[in-house]
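Report on one structure; see the data block that follows.
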Number of protein chains: 2
Amino acid sequence: MGPVPLDDLDEQIVAHLIRDARASYAEIGTGVGLSAPAVKRRVDRLRGTGVIKGFTARIDPHALGWTTEALVEVYCEPRTTPAALLKCLERHPEVVRAETVTGKADAVVRLLAADVRHLETVLERIRLESVVRETHSTVVLSRLLERPGNG
Amino acid sequence: MGPVPLDDLDEQIVAHLIRDARASYAEIGTGVGLSAPAVKRRVDRLRGTGVIKGFTARIDPHALGWTTEALVEVYCEPRTTPAALLKCLERHPEVVRAETVTGKADAVVRLLAADVRHLETVLERIRLESVVRETHSTVVLSRLLERPGNG
DNA sequence: ATTGAAAAAATATAGTT
DNA sequence: AACTATATTTTTTCAAT
């Protein structure tokens, strides 16, 4: 699982797939000066080595009426394992992302809720979890910048 | 720009595309009991209404040797507009995401760096920006949970 | 708004340099 | 490791219900 070296062609192919994951191999090939089968071989290899984890649709939650996002610092009870925290968090569908962090908090959790009222109920639900000691929330006002792929 | 209502079929199609953005229309159609053209029409409509913003490849930064992620609270100089902050942040390719937030900080920025040394140089660069007054960083230890699509 | 059929395009799998 | 050619699959278009 060491660092996988990408040549210029791989980088261009990855960049193209980040921009448009449904681009045809032929289209990508035109851009990088490769035939469609050659592009496919490289994409297969990039998936095999784990560089490309998969392809996903980017959804606009606002268009669906999910207007409220929050970043929540979660403080856990002593001796809570990451696995236990994960098991607890994945019970809540509003949790869109969670990662353990350095600092006072144990994890930062991203929540997506329909509105502030919904957000409040989610936070209540999460604070009821036995492994959660405390939560500090900040509400997201607007997305300034988003670079897909890693974002 | 009001909330777009999705019926069950739309929801299933969106869910399928979040799981695999390169799935063929025929494959999606088999899952939801629709013909390929019918699926395509719905996907086109979902793109038109902005529900689907696009399709992207999910990259594993670790596989590429980008091992260090950080969440940075950015405190701006008084009267800094979001537009000015954006203009400043997009100059730094390590900024993967940025959003304005409630609370003491003005924005939360996600950074992706090759290593801690690289992270340090990025933070120095950002702190040199005239609109930035202060930064509080926390380093990401591990991704616990990630639900693609909105994540 | 979906279906079905036909045309066009893209993909997978060869074999070749 | 990449190209060309070919068989197969998929996408797209269009007419019809």
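Chain letters run A, B, ... following the sequence lines, proteins first and then strands; every chain starts at 1.
Going from atom CG of A:Leu6 over to atom P of D:dA1 covers 14 Å, rounded to whole Å. Rounded to whole Å, the distance from CZ on A:Arg41 to P on D:dT4 is 15 Å. As rounded to whole Å, 7 Å separates atom P of D:dA2 from atom CG of A:Leu9.
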Tabulate below the donor-acceptor pairs under 3.5 Å that side-chain atoms of residues 78-90 of chain B make, not counting sequence neighbours, or state none.
unit_1  : atom_1 : unit_2  : atom_2 : d
B:Thr80 : OG1    : B:Glu77 : O      : 2.6
B:Thr81 : OG1    : B:Ala84 : N      : 3.0

Revision key, fill the gap. B/S/- along nucleotides 9-17 of chain C (protein heavy atoms under 4.0 Å) is -SSSB----
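In this structure, B:Arg45 pairs ionically with B:Asp10, as a charged nitrogen and a carboxylate oxygen lie closer than 4.0 Å. B:Glu73 and B:Lys104 are not joined by a salt bridge, as no carboxylate oxygen comes within less than 4.0 angstrom of a charged side-chain nitrogen. Between A:Glu94 and B:Arg147 there is no salt bridge, since no side-chain nitrogen of the basic residue lies less than 4.0 Å from a carboxylate oxygen of the acidic one. Taking the charged nitrogens against the carboxylate oxygens, A:Arg143 and A:Glu69 do have a contact shorter than 4.0 Å, which makes a salt bridge.
Checking the phosphate oxygens (OP1, OP2) of C:dT2, a side-chain nitrogen or oxygen of B:Arg42 falls inside 4.0 Å. When the side-chain nitrogen and oxygen atoms of B:Ser35 are compared with OP1 and OP2 of C:dT3, one or more of them lie within a distance under 4.0 Å.
Taking the ring axis of A:Phe55 as reference, the NZ or CZ atom of B:Arg22 stays within 45° of it and closer than 6.0 Å to the ring centre.
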